[in-house]
Every structure is written in C-alpha cells, then in structure tokens.
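Here the structure is laid out as structure tokens; the discussion comes afterwards.
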Amino acid sequence: MNTRKPRFYPGRSPRIASTRRGFLQLSAAALSGAVLSNCARNLADVNSEEPAASSAASDGGTLHVYSWANYTDQELLDSFKAKTGVEVVVDTYDSNETMLAKMQAGGGSAYSIIFPSDYMVSEMIGLDMLTPLDKSRLVGLENLRSQWQDPVYDPGSAHSIAATWGTTGFIYNPANLGTTLTGWDYFWENGGSLDRKITLLNDVREVMGGVLHSLGYSYNSEDPAELEEAYNRLVELKPAIASFITNGWEDQVASGDLLVSMAYSVDAIALIEENPDLEYVIPETGSSLWTDTMVIPKSAPNLDAAYEWLNFLLVPENAASLVERLKFATPNKTAYEQLSAETKADTKLFPPQDLLDRCEGIAPVSEEATELYDQYWTQLTSS
Amino acid sequence: MSTSTPTPSVVPKAKVSPRWQQKLGHLVGPLVLLGPPGVWLLLLLVIPTLLIFQLSLIPGIRPGQPMDGFGFGNYLNILQPIYLQVIWRSVFFALGSTVLTLLLGFPVAYWIALMAPKRWQNLLLVGFVLPLWTSSLLRAYAWITILRPTGVLNSFLSTFGLPTLDLLNRSSAVFIGMSYSFLPYMVLVLYASLEKLDKRLLEAAADLGASAPQTFWKVTVPQTLPGIAAGCLLVFIAGLGDFVVPELLGGASSMTVSRLIYNQFLGATRNWGLGSGLSMVLILAVSIAIALLIKYGDRDPESFS
C-alpha cells in the first residue's frame, strides 16, 4: 500500500494559484464576514473574526490555528485540550491567497499553525515565512506515506507536514446521464446532447490541465502547441458548458438541471453524503492531485503548543478518528490502516493505486506559460 | 457653514487679537472637521490609487519582483480585441442594469413619494432597502435557485401551464441579478428627489390643461432629473464593479473587467501590472461618469422646461 505515488513536479517559481475553492474568495471579498453556513456547503465560517488575532501572543494556554473549513471539529479540539490543556481557537480561510495576504499584512501573527496547500508551501518558503521544523520534537513522522516524507513542494518535508490530500473529478447522477461517466472524452463524443448541462471549475489550471491530461500531455505543460490544442478542444466543448464555477453547482447537480459538474473531491464527497444517488468519478486518464499541509509560520507564538498540535495529529488513532468524522483523505499510512473497512474501501477518498499513478500534481509553470494560460482562459470565458 | 462653527466662543476674543490669530481661528474649524476624513481619503483612497497607477506603468510586474521598468505595455495590452470585448461586456451589463432599474425603480419611488400614505412611507422604504442587509453572494445564490431550469420560477410557470424559461447562465440572468441587487439604491435616490417635487407645479399643470403624460414629461421628469442622473450613475458604477453576479449567474461567457482584474491579482497569472492597468481604466471610466454628473447633474431644472 505504500507505493501510492502522486507525482509532484518541481517548479522554480512558486507563482501558481490553483485556487481550489477559489470561488470562496469571492465571498470573502464580496461580503467580508457575513454568515453563510446555511446557504452553501463549505461556505460555513468564511471568516470568523474572533478576538483571536489580537490577544493570543501573550497567553500561553491558547493555540491559534488558521485552517480551511472542515479540517477540524469540536471533538478534536476537546480531546486535544484534554490531552494537553491547551485551548485551541480555529479561524478558517477560504483560499491560499487570502491566507497569504493576511499573513503578509501581519494580521496573522497570532497563528501558530496554518494549513497551506502544496504550491503555497513552496511560495511561503520562498518568502521566508515558515519555521523549519525541528524533527527531534516530532513523533510519528515515519507513519506518513513515503511521497509525503519528501514532497517536491517542500524537499525533505523540512517546513510542512502533509495533513490531507485529494483529487479533482466529476460529480454526476448516473440515472440522469443515462450512462457511466469514465472521463473527459465522453463530453466530446456526446457534445450535442449536453447543451449547457455541464459545469467546469472556475480555475484555469484545473480545466486546461484536465484537458491537457486527457490528450496525453502533462497538467503542467508549457508547450504552446499543446496549450493551443487543449484550448481548441475546450472551444469545441463550449456549447455544452453552462458555466465555470467552483461552488454553486451543488443544487443544480442534485436536481438534474446539470448533468455533470467538475469538482474537488472534498466538495463532491460532502454533497454525496447528503445525496447518495450522485457519484464522483476521477477521469480514467487521471486527474490532478493536491495536498494541504500543516506549517508553523515564523511569526508563531507558543511554539510548544504548535509542536503538541502536530504531534497530536500525527498520532494515527487521532488522525483516523478525525478522518472517519470529516471524510478527507489522510496521508498517514498507519492511520489509514486503522480506518473502518467501509472508509478504506471508499474510492472517492482513496482511489485505487493504478488510477493514482495516472494523477499528477499541479505545479507552477513559467511566466510565459502562465501568461498563455491566462490569455486562453480570458478568451474562453468571454467569447 | 463650517467656518462659522467655532465663532460663538471665539468671536469676543477675536476682536482684541491680531489679525493672524483671527485667521487661524477661522481655520481651526474647517481643519478639525475636514482633517480626519481628509487623512482617511489620503491614506485609503489617494495613496492606494497612486500605487496602482505606479504598478500600471511597470509592464507585466508580478508580486515579489523588483519595481523597475517603465512603459505603457500594460495599457497597450488592454487594447487587444479580447480585453476590449471584456470591457465592452462590462459596460453592456452595467448599462442594461441601469436602464432596467430606472424603469422599475421610478414607478416605485413615485408611488412611495407621492401616492402612498405619509405614515407608511418610511416603512415602505425600509422594506425596500431590507434586502440590502443580506449579502450579495447570498442573493446571487438565491437567484440560481429561482432561475435554474427546474427552479422556483419554472415550477411556478409550469403549474399554470405556461412555457418554461431558460434564463440561467445567460446575460438575462446577469441583468435580473444586477437589477435586483441595485434596485434599492435607485429607489432611494429617486425617492429623495421625488419627495422634494413641488406638487403645486403638478396642480398648476393640471389646471392649465396639461394631460397626465404631458405633466409627467414636462414637469415631473425635469424636476427629478438630477435624481435620475445620480441614481443611474450609482447603479452604473456599482454594475461596472460587480463580479459576483456575472460570475455566478452569467454562464460560461461572462468574463467582465472586474473579474479579469480579480484574476490578475488573485488568480493564476498574478500579472499585477495588467491588473493595475485595467483598474486604472475602470477608475478613469468611473471618474468621467462622476465628472459628467457633477457638471450636468445639478443643472437648474428650469432649463429643461
């Protein structure tokens, strides 16, 4: 089981922003803190402006954590407190860029633990924002799968510990589609019958990358000819595409107004929990693979508590029970083995190894290529 | 008006003090009153705008890069057909919503200001402004629920045997969403204008034999023209900057300039140079609109009759 190998590609300039849950940025920008929890999945706790930021530095008994929504729950915080006596305050962010902006502006000086994604770890290392981890203070690192012991985004895992990972795929209702979806090719073969019935992510690298990958190229292609080919494929598909949205497709897929939506595995799994008729599929040609990690920023107060937190989540039992409750994929091999048979067999969470081998991490591309991606994206979304 | 504020206590002393002191005394009032907002404007509007302007003159600058180089590359870049098309779409959405809100808002404001019972007026206005208390994102999501093919609207239509409408993920949905978002602004501004309407002129027009349409076009509209202009401008500017509604409701071909700017700053490209250039174009467009309002918006109503 330990041969699961997501391939991460090296990148010199950490300038990519594959904004997973990118739409949520909009929410932050558009309404700065309104409560959305009832409205849409994952929109909960967009930004709880707790008195966190100001007071933390002084009190030793509190640990401030800055995380994506749904990576912690009260039970975890309670058991952490019972074990260590440290009170945890969790604030959530909705995009790596939002988190980075807040940290750079000095608004995050209270946080001792953050959960940046792979490419953002590279970027933050480049900006000298992360504390090199003192491995002698960490217990259980060997439980992580080998590829997360030395990931390309953070060689030697010197600054980060992988916390969760996931894929990108399609969510659909087989009864509505009338068939089983296996990959991208279906869309071109059945373009005519899909008239504005599918949505793709509002994320240039995921969409262009997905098509590139289906054509047999890399997610991180910088070849202008390959990019043009992918773009032309997407133009051809345009009549079938209702919209490019990262969130907001949920009710429409559930009701059948949309036949297929491209989605991140975490979002898809959350919806399927409520709506078992739906299915999540990773294209047979493979998809993108992402990792969210835990890091300690340079500005972190209360280092002791931060290490206690990392160690607590490295304990396989703790990680496993959290995964059972919150349904995300753990990079912790020992924790995986302790999961219930049902969870282990959930291919949405843990896709089969041969499929994972065909997946690829999204890595930063050169400036010229980035420019080209954006040009094609603007053309695609405006013509 | 502001200069007279400190006078009650200052005046007796001022008589005996030298002229410069007197002058200073006259300056204190305006300074105290205008200082804080002035500093606020300087720090949060003027300086950031200048920073954006500076960035816009460095072709293709990205975060983390040194701020050197100078040129109009970003602006020349914007002249590409693809970006002009995006800008045109933004203007189209904003203009369309402006016209729609004016057509919808005027009767409402007219009714509240002139025909509704006086004691209900405030309540009606509050009721109208109430939706503004919810987030614009939430309202856009609500429109998805209403407009989607099997959504609220179409269920309603099919119950009455009417043909269903396919509105979502098209320009029509953007117009609906934006008009709904900005209607309260239009109504508030128009109400403020209509409320001041001199009703004696309406009576006089009727006495002199003007028909209702004549009275409306020759008496009511000219008197409320500044309000109409202000309301339209407010909606137009807000529409130009809106990115939630086009993104959520507009479908696959709804790139607008505000979304484009957003992509340049927080999206994959991080081309802050181009983003700043686009921002400056947007700021310029809005400034021209405001300048037009200042020039023509306060025109003497008589000149229209």
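So you know, we letter chains A, B, ... as the sequences are listed, proteins then strands, and number each from 1.
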Less than 3.5 Å apart, which donor and acceptor atoms pair up between the side chains of residues 177-188 of chain B and the rest of the protein, not counting sequence neighbours?
from    : atom 1 : to      : atom 2 : distance (Å)
S179(B) : OG     : F175(B) : O      : 2.5
S181(B) : OG     : G177(B) : O      : 3.2

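Counting heavy-atom neighbours within 6.0 Å of W272(B) CH2, excluding the residue itself, gives a total of 12 or less.
Atom CG of residue N169(B) and atom CG of residue L258(A) lie 7.5 Å apart, to the nearest 0.5 angstrom. Atom CD1 of I82(B) sits about 10.5 Å away from atom OH of Y376(A), to the nearest 0.5 Å. From N77(B), atom CG reaches atom CD of E371(A) across 6.5 Å, with rounding to the nearest 0.5 Å.
With a 4.5 angstrom heavy-atom cutoff, F265(B) does not touch chain A via any of its atoms. Of the two parts of R148(B), the backbone and the side chain both hold a non-hydrogen atom closer than 4.5 Å to a non-hydrogen atom of chain A. Residue L249(B) does not touch chain A at all, counting heavy-atom pairs closer than 4.5 Å. Contacts between L380(A) and chain B at a heavy-atom distance below 4.5 Å involve the backbone alone (N, CA, C, O). Within the 4.5 angstrom heavy-atom criterion, only backbone atoms of S254(B) (N, CA, C, O) approach chain A.
Contact annotation: the side chain of S243(A) never approaches that of E247(B) to less than 4.5 Å [non-hydrogen atoms, C-beta and beyond]. Contact annotation: the side chain of L260(B) approaches that of T378(A) to within less than 4.5 Å [non-hydrogen atoms, C-beta and beyond]. Side-chain contact between Y141(B) and N247(A) is present, with heavy atoms from C-beta onward closer than 4.5 Å. No side-chain heavy atom of M255(B) sits less than 4.5 Å from a side-chain heavy atom of F244(A). Side-chain contact between R259(B) and N202(A) is present, with heavy atoms from C-beta onward closer than 4.5 Å.
For the residue pair D166(B) and R196(A), the shortest heavy atom distance occurs at OD2-NH2, 2.7 Å. Counting all heavy atoms, side chain and backbone alike, R89(B) lies closest to T381(A) at NH1-O, 4.5 Å. Residue I241(A) comes nearest to A252(B) through the heavy atom pair O-CB, 3.5 Å, listed as atom of the first residue, atom of the second, then distance.
For the residue pair Q264(B) and D374(A), a side-chain donor N or O sits within less than 3.5 Å of a side-chain acceptor on the partner.
Each of T145(B), T150(B), L168(B) was scored for a side chain to side chain contact (heavy atoms under 4.5 Å, CB included) with Q252(A), with one residue passing: L168(B).
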